[in-house]
Amino acid sequence: MIPEKAWDPGLEPGIAAGWRHGFDRSRRAYTIDTPPPYPSGRPWHIGAAAHYAQIDMIARTARMRGMNVYFPVGIDRNGLPVELYTEKKRKIRMHATPRQEFLDLCRQSLDELESEMLEVMRSLGMSCDFGNIYRTDSAEYRAVTQATFIRLWREGRVYVSTRPNNYDWKSGTVIADAEITHEERESRLVHMRFGLGEGSITIASTRPELLCACRAVIVNPGDERYAGMEGAEAVVPITGRRVPIRYHRSARPDFGSGAVMVCSYGDQNDVALFRELGLEEVAAIGPDGRMTEAAGAYAGLRPSQAREKIIADLEEAGFVEEIDEIRHMTPVSERSGNAVEIIPMEEYYVRQTDMVGDVRGASADIAFHPEKHRQILLNWLDSVGMDWPVSRRRFYGTEIPVWYCESCGMAHVPEPGEYRRPWAEEWPGGPCGCGGTKFRGEERTLDTWMDSSISPLYISGWNRDEELFRSAYPAALRPQAKDIVRTWLYYTMLRCRQLDGRTPWSEAWIMGYGLDGRGHKMSKSRGNAMDPLPVIRRIGADAFRFWSAGEAGQGDDFRCSEERMESARKFLTKLWNVSRFASGMEDPGTSGGTHTDRWILGELDALVRSCQDAYSRYDFFTVATSVREFMWNVFAAHYVEMAKQRAAGEGFDDAARDSARGTIHRVLRALLRLLAPVIPFITDGLWGRMYGGSVHSERLPEPEEGDYPPRGGLLDFNSEIWNRKKSSGLSLRDPVRAGIPAGLEGFAPDLEAMHRLEKP
RNA sequence: GGGCCCGUGGUCCAGCUCGGUUAUGACGUCGCCCUUACACGGCGAAGAUCCGGGGUUCAAAUCCCCGCAGGCCCACCA
């Protein structure tokens, strides 16, 4: 019999040391497109640890269903977050630091942060290939990213254009719509009087500092207050400029005065109007985030400062009618938190508007788990309105592989294959068509999603390893969190369809957020972040994994409470002790010999069916909760108690005794296999000690047809007897007078032994 | 403004697709018990207007409508 009375998490490392997870690259693979986590600070998010624990459950489930699982692991190391982290940590500014020096500092930060993440992944027992970690900032990865850029460039799917774009002056770069989020912020809606003939027209705006860039006023054509006014001129306060009044349906008569000033650029609507009305664009805000010369007296100020000053000036000059304090949704950079300005810049774009229908069609071929999260992608597809700006004025990213001829300005891309750094390297090709031989390297880098969106191609050896690619691509499954559907999931579908024509995976598994104990989003700035490592060290990976699986439904947000994680240990202790009991008796290899034994095998069969169904959807919540319910409240509480005397051979013949022992082992073997993907340490530890070998080489149990007696009122009857003994002050060992209820006659021998029933 | 999700004992969660037993289980709480697997346990107990209001029905947590309260996503109301 197993001597220890409880599961010891300290055994975990030793058990993991024996694991080997083979992958046969010559056979069709079950590829998991594992999310490469982004090191952006410490501690790593405990919700992410839960996320990776569950991704590992997917891999283990697939193996136990006979799949040839290819489970790579990578780290996403390009882009803004680590740059911001490094700037803060070193108290430096990127643009004021020599480029190579800044890159080296970022790399140091990444190495530190990465080792912590890998440590978490290892302690969780992840069965991915740690011997072959990929990094998106490696020369090999970046060469592949650049090769995709070069190919898209040659196909005309990448182009350069100057257009108003989301600009984050704090990080000094353009960002894509997908990187924008909206936050409710305080703002002042200023009602100003514009001159109009002898009188005036009132216009409300939250951006009065842009008056210098106002080039039109629009009113709704159906607005009676402004009938016949099209073509009239309004006089802009402060600047005195005369601008035309135009009809436009986007002016809402019911908001403010119904008249709107159109400036370059207050918001996306202004962008559309400038284009549509053919207005002259004015750059009121520069790339440094300050007002330009066009702002006259306000030049050099931040827009927020200029706003305060111009409001004061407007008030003094008597132009202000009233000011409302309002809260409205302001677009901010998701990664820096800075309010985004719209500034015209020349940038590289990847065509995507022409692919939206294609991606929508392809999404129909992907099974979503849970199905409801498909909607997140469809919603996003509906809102893709412009091409994807991919150039970033940042350092730590994959360099855009372009050189420009210094004579004619022509852009050249090199042959794909090598990793290129145009800002530091000479143009590797021949002279320009114009005869020019001097070239200037591009200094910008690519949006980090350009790297991570080819992860399924990269891990499958696309363009580099034909054998692996045939086996591993398209991938089987993409697991990821729901907050990056519009970025990682969408961009990956876009890019893979552009480059390969196929859909990158057949299934997408979308997980919810990890919230704090009160249900609020966790963040370092809020101070409610939880470090996963100390928790995992204290309670063990299996307890953490079991908590994660059983805490919330598949795809739902979940709360991270240490108290609840601790309590997951109790289940492991229970499993340990049930196994300990079984380990005290040999498995005779026969089972189901009595009514009671056939009953529990029927209960087990129902459990196996429901777990098989749940496993096919990678729904570990259903697995964890239904196995716990069965193991604890049915098998241990009722069956084991009923079969105990019989298994000991006390008052039963050898056949009945052996059937009890065999049935206990049969159920236990099934339970250990059912639980192996969720809690791989304890199940493997027990399996090895009791049955030899590794549970992870086994298959999940299959349903078996059989003649299974129903439960009937069995559980209630047991409870009733326990209750009766309790209320009469009897010990559970004391005999009691009670008859066997109708329908439970088959259980009589075991019930009589268990409760010491005497005929009434 | 549009959309998606959600609201069940102190806490978390199941059930709702295909209406019908005393609404599932866990955590926590309380009481009793060391019964030869387990005190990291066993048994028992207390604890729920199933968000509110209408409707359909013999019957609603479950279906329909209207609200209210959350969460999230999208969006050009300046």
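Please read all numbers here as calculations on a predicted model, not as lab measurements. Residue numbering restarts at 1 for every chain, and letters A, B, ... go by the order of the sequence lines. Side-chain atoms are counted along with the backbone in the values below, which use heavy atoms only and exclude waters and symmetry mates.
In this structure, the nucleotide among G41(B), C4(B), G71(B) sitting nearest to the side chain of K574(A) is G41(B). Distances from the side chain of W380(A) to the nucleotides A37(B), A78(B), A75(B) place A75(B) closest. Ranking C38(B), U11(B), U35(B) by closeness to the L732(A) side chain, first place goes to U35(B). Proximity note for F621(A) (side chain, C-beta onward) versus C43(B), A14(B), C12(B): the nearest is A14(B). Comparing A78(B), C12(B), A37(B) by their nearest atom to the side chain of M1(A) picks out A37(B). Taking the side chain of D267(A) as heavy atoms from C-beta on, and the options C73(B), C40(B), A78(B), the nearest nucleotide is A78(B). Relative to the side chain of R733(A), the nucleotides C12(B), A37(B), U35(B) differ in distance, and U35(B) lies closest. Of all nucleotides listed (G71(B), A78(B), C38(B)), C38(B) comes nearest to the side chain of K5(A).
Side-chain contact check for F194(A) versus V236(A): some heavy-atom pair is nearer than 4.5 Å. Looking only at side-chain heavy atoms (C-beta outward), D542(A) and W7(A) come within less than 4.5 Å of each other. Looking only at side-chain heavy atoms (C-beta outward), T622(A) and Y615(A) stay at 4.5 Å or farther from each other. In this structure, R689(A) and I2(A) have side chains that are in contact, with non-hydrogen atoms separated by less than 4.5 Å.
To the nearest 0.5 Å, the span separating CG on L686(A) from OG on S583(A) amounts to 8.5 Å. Atoms CD1 and CZ, on I326(A) and R188(A) in that order, are 11.5 Å from each other to the nearest 0.5 Å. Atom OG of S579(A) and atom CD1 of I664(A) lie 11.5 Å apart (nearest 0.5 Å).
A sub-4.0 Å separation between OP1 or OP2 of G44(B) and a side-chain N or O of S719(A) is present. Look at K725(A) and you won't find any side-chain N or O under 4.0 angstrom from OP1 or OP2 of G44(B). Residue R559(A) places at least one side-chain N or O closer than 4.0 Å to OP1 or OP2 of C12(B).
Following rounding to the nearest Å, E371(A) (CD) and C4(B) (P) show an atom-to-atom distance of 14 Å. Regarding L572(A), its CG atom lies at a distance of 15 Å from the P atom of C40(B), rounded to whole Å. Taking atom CE of residue M642(A) and atom P of nucleotide A37(B), one finds them 17 Å apart after rounding to whole Å. Between N723(A) atom CG and G44(B) atom P the separation is 6 Å, expressed in whole Å. Between N269(A) atom CG and G1(B) atom C1' there is a gap of 14 Å when expressed in whole angstrom units. One atom, CZ of R374(A), and another, C1' of C73(B), lie 17 Å apart when rounded to the nearest Å. What separates CG of L189(A) from P of A78(B) is a distance of 7 Å, to the nearest Å. To the nearest angstrom, P of A75(B) lies 12 Å from CE of M386(A).
C72(B) sits 40 Å from C40(B) when the P atoms are compared, rounded to a whole Å. If you take atom C1' in C65(B) and the same atom in U29(B), they sit 41 Å apart, rounded to whole Å. Comparing U49(B) with A23(B), their P atoms are spaced 13 Å from each other, to the whole Å. With both ends at atom C1', the span from G52(B) to U8(B) equals 15 Å, rounded to whole Å. A gap of 7 Å separates the P atoms of A61(B) and C50(B), to the nearest Å. Nucleotides U24(B) and A48(B) are separated by 13 Å at their C1' atoms, to the nearest Å. When the P atom is compared between C76(B) and C12(B), the two are found 36 Å apart, to the nearest whole Å. Distance check on atom C1': G41(B) versus C34(B) gives 9 Å, rounded to whole Å.
Note on S383(A): only backbone sugar-phosphate atoms sit closer than 4.0 angstrom, heavy atoms only; bases stay farther off. Among the atoms of the strands shown, only primed sugar atoms or phosphate atoms (P, OP1, OP2) are found under 4.0 Å from some heavy atom of W632(A). Using a 4.0 Å heavy-atom criterion, one finds that A648(A) contacts no nucleic acid atom at all. Residue contacts for A6(A): at a heavy-atom cut-off of 4.0 Å it reaches a base atom on one of the strands shown. Using a 4.0 Å heavy-atom criterion, one finds that E641(A) contacts the bases of the nucleic acid, with or without backbone contacts as well. Contact annotation for T622(A): no contact, since no heavy-atom pair falls under 4.0 Å across all strands. Here E566(A) lies out of heavy-atom contact (under 4.0 Å) with every strand. N633(A) comes within 4.0 angstrom of sugar-phosphate atoms only, judged by non-hydrogen atoms across all strands, and of no base. At the heavy-atom level, G713(A) lies nowhere under 4.0 Å from the strands shown. Residue K644(A) is classed as a base contact, given a heavy-atom separation below 4.0 Å to a base.
Judged by the 6.0 Å distance and 45° axis criteria, R215(A) is not positioned over the aromatic ring of F274(A).
Side-chain atoms of K372(A) and base atoms of C5(B) include no donor and acceptor less than 3.5 Å apart. T573(A) contributes a side-chain N or O that forms a donor-acceptor pair with the base of C40(B) under 3.5 Å. In the interface, the side chain of K726(A) is paired with the base of C32(B) through a donor and an acceptor atom under 3.5 Å apart. Checked by distance alone, Q268(A) brings no side-chain donor or acceptor within 3.5 Å of a matching partner on the base of A78(B).
Between M261(A) and E650(A), it is E650(A) whose nearest contact on RNA chain B lies nearer the 5' terminus. Ranked by how close their nearest RNA chain B nucleotide is to the 5' end, V384(A) and I326(A) are led by V384(A).
For A45(B), the paired nucleotide is U29(B), the pair qualifying as Watson-Crick or G-U wobble because both relevant distances are below 3.5 Å.
Between W388(A) and Y491(A), the ring centre distance stays below 6.0 Å.
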